[in-house]
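Okay, structure first, notes after.
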Amino acid sequence: MTTIHVEMLGGFSIYEEGSTGTQINVAGRARQIWSLVAYLILHRVKGVSAQELIDVLWPDAERENPVGTLKNNISRARTALEKLGLPDAKELIQCKGGFYYWAPDCVTTLDAEEFEQQAEASGEETDPAEAVEKAKSALALYKGDFLPTLSYGSWTTPLSAWYRTVCIKMCRQAANQLKELGRYEELVQLARRAFEIDPSVEEFSVHLMRSLMETGDPKQALSHYTHVKRLFMDNYGASPSPELELAQNEAVQMLYGQDMTKSELTSFLQEQDLDAGAFYCECSIFREIVQLYARSMKRTGRSCQILVISLERPESAEKQALQIKWLEQVLSQALRGGDPYTKVSTTRMLVLLPGATTENGKLVMDRIMDRLRVNYPRSGLKLNWRIYDLGTLNIQ
């Protein structure tokens with residue numbers, strides 16, 4: 001019997017054994033056709049009734065002739081499969097007894113099913129070394145989310161979440177087993193891959209940093225910490241967990257805990273390459289800078305202003321995330337190199353203006369608005385802002 005291989009993790013491809021799979025282009029009206037094919041492949045054993053296909057693929061549509069529409073799409077799907085160069089493509093979708101079947105005369109292998117089977121085998125294995133090997137084999141199959149080109153469908157979204165959950169659970173177990181076995185170089189690779197799959201799981205970042213330290217590379221551990229810290233603030237408006245902060249402290253101690261040369265001191269103080277624009281910093285660092293300036297003002301009498309800039313909430317969260325990034329980019333260009341700024345939420349930025357008066361602060365805001373109009377003339381971004389004299393805030 002002919003064997004057909006199907007890949008749905010990280011993309012979508014269908015190819016005959018012995019040939020090379022190419023990613024199927026899912027766009028426009030073709031999206032509906034390939035969604036139909038994918039659903040049939042997943043349910044190839046029991047078959048799918050015409051009514052189920054109509055309910056799944058067009059749940060909200062009111063059609064005068066839904067059965068006719070389905071038959072037309074089945075015909076188009078057969079033509080699309082033929083263009084892939086598959087053998088007997090017209091026979092890959094068959095209707096028997098009122099049910100549609102995928103390739104009943106062929107053997108079909110599906111990477112998502114193989115991945116789930118291997119992940120389950122890894123979880124049931126009692127020997128840690130064997131369990132790790134099975135997990136590595138399963139992870140090699142997980143090339144990305146389930147049918148990403150068909151995401152946000154009523155039936156694809158739950159499956160995508162399920163396979164990702166299976167993968168994260170497996171990676172957690174494998175990471176702990178590699179740690180117990182002392183196989184830190186392999187743990188570095190696994191933790192990096194798991195972080196790519198779901199960067200929000202801080203456990204993988206902690207594993208990655210500590211395994212990098214175990215292999216003698218605390219500098220890379222600190223670099224990863226900086227990356228994660230910025231990613232969390234940009235995407236979630238949150239700071240890293242105490243566990244991740246502890247790993248960072250351990251990396252700093254390992255790297256700088258002994259004698260420190262001048263170049264090492266420079267590296268420590270800078271920590272990462274800084275942009276040429278204004279100084280972006282995390283909320284905790286911004287607060288410390290503000291407190292230092294507040295104390296300095298009491299001694300020197302020098303003025304200092306805080307600029308609070310807020311977005312007028314747009315219609316969608318996606319638009320809001322895009323607009324706050326635009327604002328951050330504009331601030332990095334419009335502010336002076338020594339002006340610290342930070343993001344305190346998904347809609348609000350704070351800017352410290354050392355040496356500025358209230359009038360100077362208004363001029364800074366004018367400069368920000370001018371830069372915004374130049375960079376993003378059609379952004380539709382609307383801002384609310386206020387200026388506060390730092391001396392009036394009674395910061396201790």
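Within the 3.5 Å criterion, the main-chain N or O of Ser310 finds no donor-acceptor partner in the side chain of Thr347. A distance-only check finds no donor-acceptor pair linking the side chain of Gln177 to the backbone of Ala131 [under 3.5 Å]. With hydrogens and angles disregarded, no donor-acceptor distance shorter than 3.5 Å links the side chain of Thr342 to the backbone of Phe286. Thr165 places a side-chain N or O within donor-acceptor distance of the main-chain N or O of Ala161, the cut-off being under 3.5 Å. Under a 3.5 Å cut-off, the side chain of Thr215 and the backbone N or O of Ser211 do form a donor-acceptor pair. Judged by distance alone, with hydrogens and angles left aside, the side-chain atoms of Ser303 form a donor-acceptor pair with the main-chain N or O of Ala356 at under 3.5 Å. Remark: the backbone N or O of Ser122 is paired with a side-chain donor or acceptor of Gln173 at under 3.5 angstrom. A side-chain donor-acceptor contact under 3.5 Å links Thr300 to the backbone of Ser296. At least one donor-acceptor pair closer than 3.5 Å links the side chain of Arg336 to the backbone N or O of Pro354. In terms of modelled atom types and a separation under 3.5 Å, the side chain of Asp198 and the main chain of Ala194 share no donor-acceptor contact.
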>> Go through it in stages, so that I can follow the logic: the residues are Asn72 and Ser75, the test is side chain to side chain donor-acceptor pair (under 3.5 Å), and I'd like the CA-CA distance, side-chain angles, deciding distance and then a yes or no.
In response: CA-CA 5 Å; Asn72 179 55; Ser75 177; 5.6 Å; no
> Under the side-chain contact (heavy atoms from CB on, under 4.5 Å) criterion, do Phe195 and His227 qualify, and how do the steps go?
Replying inline: CA-CA 12 Å; Phe195 175 79; His227 171 63; 3.9 Å; yes
> Would Phe204 and Ile197 count as a side-chain contact (heavy atoms from CB on, under 4.5 Å) if you check the C-alpha gap in whole Å, the side-chain angles of each, and the deciding distance to 0.1 Å?
Replying inline: CA-CA 10 Å; Phe204 296 131; Ile197 294 169; over 6 Å; no
> Where do Leu92 and Trp102 land on the side-chain contact (heavy atoms from CB on, under 4.5 Å) test, with the steps shown first?
Replying inline: CA-CA 6 Å; Leu92 290 178; Trp102 164 263; 3.9 Å; yes
> Taking it one step at a time, do Met213 and Glu250 satisfy side-chain contact (heavy atoms from CB on, under 4.5 Å)?
Replying inline: CA-CA 9 Å; Met213 285 184 271; Glu250 292 170 0; 4.0 Å; yes
> Given the rule in the side chain to side chain donor-acceptor pair (under 3.5 Å) test, do Tyr39 and Glu52 qualify, once you have shown the distances and angles that lead to the verdict?
Replying inline: CA-CA 10 Å; Tyr39 194 82; Glu52 181 179 346; 2.5 Å; yes
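One hydrophobic cluster, built from ILVMFWY side chains closer than 4.5 Å, holds both Leu350 and Leu352. Criterion: ILVMFWY side-chain heavy atoms under 4.5 Å apart, direct or through other members. Under it, Val56 and Ile33 are not part of a common hydrophobic cluster. Under the 4.5 Å side-chain heavy-atom criterion for Ile, Leu, Val, Met, Phe, Trp and Tyr, Leu246 and Tyr225 are members of distinct hydrophobic clusters. Linking Ile, Leu, Val, Met, Phe, Trp and Tyr residues whenever their side-chain heavy atoms come within less than 4.5 Å places Leu110 and Leu86 in a single cluster. Linking Ile, Leu, Val, Met, Phe, Trp and Tyr residues whenever their side-chain heavy atoms come within less than 4.5 Å leaves Ile368 and Leu363 in two separate clusters.
The OG1 atom of Thr69 sits 8.0 Å away from the CD1 atom of Ile54 when rounded to the nearest 0.5 Å. Remark: Leu372 CG to Gln329 CD distance equals 11.5 Å, nearest 0.5 Å. Here the CE atom belonging to Met254 is positioned 8.5 Å from the CG atom belonging to Asp217, to the nearest 0.5 angstrom. Here Leu190 contributes atom CG and Arg192 contributes atom CZ; the two are 12.0 Å apart, rounded to the nearest 0.5 Å. Atom CZ of residue Arg302 and atom CE of residue Met297 lie 10.0 Å apart, to the nearest 0.5 angstrom. In this structure, OG on Ser13 lies 7.5 Å from NZ on Lys143, to the nearest 0.5 angstrom.
The aromatic ring centroids of Tyr341 and Tyr280 lie less than 6.0 Å from each other.
With a 4.5 Å cut-off on side-chain heavy atoms, Trp34 and Ile14 count as touching. Side-chain contact check for Trp385 versus Leu307: some heavy-atom pair is nearer than 4.5 Å. With contacts defined as side-chain heavy-atom distances shorter than 4.5 Å, the pair Ile324/Glu328 does not qualify. Within the 4.5 Å cutoff, side-chain heavy atoms of Lys362 are placed close to those of Thr358. Here the side chains of Leu159 and Met8 are not in contact, with every heavy-atom distance at 4.5 Å or above. Put simply, the side chain of Leu181 does not reach to within 4.5 Å of the side chain of Glu186, judged on heavy atoms. Within the 4.5 Å cutoff, the side chain of Asn360 has no heavy atoms near those of the Leu353 side chain. Using a 4.5 Å heavy-atom cutoff, the side chains of Gln189 and Leu178 are not in contact.
Taking each heavy atom of Gly11 and Leu147 in turn, the nearest pair found is O-CD2, 4.0 Å. Ala138 and Ala119 get closest at one heavy-atom pair: CB-N, 3.8 Å. Across all non-hydrogen atoms, the minimal contact from Thr108 to Arg44 is O-NH2, 3.6 Å. Across Ala174 and Val132, no two heavy atoms sit closer than the pair O-CG2, 4.1 Å. Nearest heavy-atom pair, Phe12 versus Val37, reported as atom, atom and distance to 0.1 Å: CZ-CG1, 4.4 Å. Closest of all the heavy-atom pairs between Val45 and Tyr101 is O-CE2, 4.0 Å.
Salt-bridge check for Glu133 with Arg183: passed, with a basic side-chain N closer than 4.0 Å to an acidic carboxylate O. Of the charged side-chain nitrogens involved, at least one lies within less than 4.0 Å of a carboxylate oxygen, so that Arg193 and Glu196 count as a salt-bridged pair. A salt bridge links Asp370 with Arg373: at least one charged nitrogen is closer than 4.0 Å to a carboxylate oxygen.
Relative ring orientation between Tyr142 and Phe115 is described as tilted, the plane-to-plane angle lying within the 30° to 60° band. Relative orientation of the Phe146 and Trp155 rings is perpendicular, given thresholds of 30° and 60° on the angle between their planes.
Between the side chains of Ser49 and Gln51, no donor-acceptor pair of N or O atoms lies under 3.5 Å.
Within the hydrophobic cluster formed by Ile, Leu, Val, Met, Phe, Trp and Tyr side chains joined at under 4.5 Å, directly or through other members, Leu208 is accompanied by Val188, Leu212.
For the side chain to side chain donor-acceptor pair (under 3.5 Å) test, no residue two or more places apart in sequence or in another chain qualifies with Glu91. Partners of Gln305 by side chain to side chain donor-acceptor pair (under 3.5 Å), not counting sequence neighbours, listed by chain and number: Asp389. Every residue two or more places apart in sequence or in another chain was checked for a side chain to side chain donor-acceptor pair (under 3.5 Å) with Asn25, and none qualifies. Here Trp162 pairs with Glu116 under the side chain to side chain donor-acceptor pair (under 3.5 Å) rule; sequence neighbours left out.
Considering Gln253, Met209, Lys229 in turn, Met209 is the only one that fulfils the side chain to side chain contact (heavy atoms under 4.5 Å, CB included) rule with Gln248.
Here salt bridge (Lys or Arg N to Asp or Glu O under 4.0 Å) pairs that include residues 69-86, with residues two or more places apart or in two chains, are Glu82-Lys90.
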